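Some notes on the structure that comes next.
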Amino acid sequence: PAAIEPTVYAFIVIDKSYEAAAAVAAARLQNTYAQSFDKLVYRYPIIGTPEQCAERVNEYVEAGCRHVIFTPAAPPDQAKDFPKTIAEEIFPRFR
């Protein structure tokens, strides 16, 4: 157990507002899992502006997480920019 690196696998949606990201994530996850995500979207995915997403990642870091695996919970045309945003606006906050 001591060799296990604490890791989180998290859905992510980065958008102009928390509400917009929540709507995108809820719709996408509902379609994927065939159940409502209207309430779950506020608990499980990392959603919001880059700043809000960084705050959420920080919660995991403070809990001991050392690695984050992101998977987009948005349509491909919207998610195509997520890697760049994560690399340029989220990860630098943790270096």
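We're numbering straight along the sequence, starting at 1. All figures in this text were calculated on a predicted structure; none of them were measured in a lab.
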In residues 20-48, what donor-acceptor pairs under 3.5 Å come from side-chain atoms, sequence neighbours left out?
{"from": "Thr32", "atom 1": "OG1", "to": "Arg28", "atom 2": "O", "distance (Å)": "2.9"}
{"from": "Ser36", "atom 1": "OG", "to": "Asp38", "atom 2": "N", "distance (Å)": "3.3"}

Show me the donor-acceptor pairs, under 3.5 Å and distance only, between side chains in residues 65-92 and residues at least two apart or in other chains.
{"from": "Arg66", "atom 1": "NH1", "to": "Val61", "atom 2": "O", "distance (Å)": "3.4"}
{"from": "His67", "atom 1": "NE2", "to": "Glu5", "atom 2": "OE1", "distance (Å)": "3.4"}
{"from": "Gln78", "atom 1": "NE2", "to": "Asp15", "atom 2": "OD2", "distance (Å)": "3.0"}
{"from": "Thr85", "atom 1": "OG1", "to": "Asp81", "atom 2": "O", "distance (Å)": "3.1"}

Is Phe11 linked to Tyr18 within one hydrophobic cluster, defined over Ile, Leu, Val, Met, Phe, Trp and Tyr using a side-chain heavy-atom separation of less than 4.5 Å? no
Glu51: which residues meet the side chain to side chain donor-acceptor pair (under 3.5 Å) condition with it, sequence neighbours left out? Thr49
